[in-house]
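Questions regarding the structure given below will be posed in turn.
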Amino acid sequence: MSATLDITGTTRVYGVIADPIAHVRAPIVFNPLFEQRGTDAVMVPVHAPSDQLEIVLDGLKAQPNFGGFAVTVPHKLAIMGLCDEVGRQGRLVGAVNAVRFNAQRRMIGDNFDGAGFVAGMRAEGHEVTGRSVLQLGAGGAGRAIAFALADAGVSRLVIHNRTRAKAEELAAAVSAAYPEIPVSVGAAEPDGCEIVINTTSAGLHDGDPLPIDDKFLKPDLLVAEIIMIPEKTRLLESALKNGCNVQYGRHMLDKQIDLIGEFLGCFQ
Ligand code: ATR
C-alpha cells in the first residue's frame, strides 16, 4: 500500500522545492522510507517559481505541521540567502540542498552533497581521512566534495579541472577554510595520490572522454565516481579492468538521503 494512503491529520509534511517540478525524485525516495520505518510523514512536491519563492516559503513557514524540505534547481542559492541560519558546509559551498524549520519556525539550511559523498565512501569501507586524493572537476558537485574531503581530514587534496582557473579558485577557497589541509592544483595524474574522484560530468554520455588517462589506473588506486547513470562509467570499466578498487556513484545519493532525512528529523 502506498504511504500516501495513510495520510491523516497527524501526518507531518515535508517537501521538495523546485521549478520545474515534474522531474523531482525525492517523493519517490522518501515516501517508501517513511512507510518502511512506520513514520507518520509524507513528502510532497512544492512547485515554487522563482518570482514566487518568498511567498511560498512564507506559507510553508506559517504551517506548524510542515517540517522542512529538500531543495533543488534552481533554488539552492536563493534559498540559502533566505535562511535564518546556514550550516558550515552550506556556507562554504554557497548553496543549500535541505532546509528544516526549528521549533521557533526559523529556517535552518545546509548542504549535504559533499557529506553524502564522504559517508558513501565510508559505507563501502573506503575511509578518506588521512588519505591523499586527486579530485577531477571543480564544478558545482566538485565544490561540495572538495570542502567535505577537507572537512574529513584528507592528508592531501589535489584538484584538477579542464578549466584551470576554476580549480585554482576552488583550491584557494578550500585552503582558506581548512588551512591545515595541503590543497593544490595539479595535472590529471595521481602523482602518489591513493584515491581519484571523478566529479566532472565526463562519463555521463556515450563518447565522453575519460577524465584521466587510463595509463594512470594502477591496481593500488581507488577510483570513485559520482555519476549514477550509467552505473559503470567508462572510467570505472577501465579502473576495474586495470585492477583498481572502485566506488560507484549511487552511494553518494543513498547517503545524502540518510543525512537529509536525519537533518529534517523526518525518520524519527
Ligand atoms: P555539476 O553541478 O554536475 O558539478 P558543473 O558545475 O557544470 O556540473 O561542472 C561540470 C564539471 O565537469 C566541470 O568541472 C567541468 O569542467 P570545466 O569547468 O572545464 O567546464 C567538467 N567537465 C565537463 N565536461 C568535461 C570533459 N569533457 N572533460 C573534462 N571535464 C569536463
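Read the numbers this way: they start at 1 and go in the same order the structure lists the ligands and their atoms.
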ask   = Counting only heavy atoms not in Arg25, do more than 12 sit closer than 6.0 Å to its CZ atom?
value = no
query = Is the closest heavy atom of Pro211 to ligand 1 under 4.0 Å?
reply = no
message = So that I can tick it off, tell me whether Arg250 and Glu124 are bridged by a salt bridge, with the cut-off set at under 4.0 angstrom between side-chain N and carboxylate O.
response =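 Answer for the salt bridge query: no.
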ask   = With atoms numbered from 1 as shown, which atoms in ligand 1 lie under 4.0 angstrom from a non-hydrogen atom of Ala138?
value =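 Listed by number with element: 14 (O).
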ask   = Which atoms form the tightest heavy-atom contact between Ile195 and Leu221, and what is the distance?
value = N-CD1, 4.4 Å
message = Among all protein heavy atoms in this structure, tell me which lies nearest to atom 18 (O) of ligand 1, with the distance rounded to 0.1 Å.
response =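 Result: Lys166 NZ, 2.7 Å.
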Of Ile260, Val29, Thr72, the residue whose pairing with Val16 passes side chain to side chain contact (heavy atoms under 4.5 Å, CB included) = Thr72
Salt-bridge contact Lys255-Asp258 (side-chain N to carboxylate O under 4.0 Å) =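 A salt bridge is present here (some side-chain N lies under 4.0 Å from a carboxylate O).
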key: Atoms of ligand 1 close to Ala141 [distance to a heavy atom under 4.0 angstrom, numbered from 1]   =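 Near Ala141, the atoms of ligand 1 are 1 (P), 2 (O), 4 (O).
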task = Under 4.0 Å from a heavy atom of Gly137: give me the atoms of ligand 1 that qualify, with their elements.
result =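 The list of qualifying atoms is 14 (O).
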key: Nearest non-hydrogen protein atom, atom 14 (O) of ligand 1   =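 Heavy-atom neighbour on the protein nearest atom 14 (O) of ligand 1: Asn161 OD1, 2.6 Å.
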Distance filter under 4.0 Å to Pro209 heavy atoms, resulting ligand 1 atoms =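 The list of qualifying atoms is 27 (N).
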query = Is a side-chain donor or acceptor of Thr200 paired with a backbone partner of Ala202 at a separation under 3.5 angstrom?
reply =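 Answer holds: yes.
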message = Can you confirm if the aromatic rings of Tyr14 and Phe30 lie within a centre distance of less than 6.0 Å?
response = no
query = Which protein non-hydrogen atom lies closest to atom 11 (C) of ligand 1, naming both residue and atom, and how far is it?
reply =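 Result for atom 11 (C) of ligand 1: Thr200 CA, 3.9 Å.
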inquiry  = Quick test: of every protein heavy atom, which one is nearest to atom 9 (O) of ligand 1, and how far off is it to 0.1 Å?
reply    =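 Atom 9 (O) of ligand 1 sits closest to the protein heavy atom Gly139 CA, 3.4 Å.
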request  = Determine, considering heavy atoms only, which of Asp113, Ile145, Thr163 sits nearest to atom 19 (O) of ligand 1.
outcome  =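 Comparing heavy atoms across Asp113, Ile145, Thr163, the nearest one to atom 19 (O) of ligand 1 lies in Thr163.
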key: Distance from atom 8 (O) of ligand 1 to nearest protein heavy atom, with residue and atom   = Gly140 N, 4.3 Å
inquiry  = Could you identify the single nearest non-hydrogen protein atom to atom 10 (C) of ligand 1 and state the distance to 0.1 Å?
reply    =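 Answer, as residue, atom name and distance: Ser201 OG, 4.0 Å.
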message = If the contact criterion is a heavy-atom separation under 4.0 Å, does Asp208 count as touching ligand 1?
response = no
ask   = Between the side chain of Asn97 and the main-chain N/O of Phe112, is any donor-acceptor distance below 3.5 Å?
value = yes
request  = Could you name the option among Arg162, Arg164, His205 that has the heavy atom nearest to atom 29 (C) of ligand 1?
outcome  =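 That would be Arg162.
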query = For Glu85, does the CD atom have more than 12 heavy-atom neighbours from other residues, nucleotides or ligands under 6.0 Å away?
reply =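 Count over threshold, so yes.
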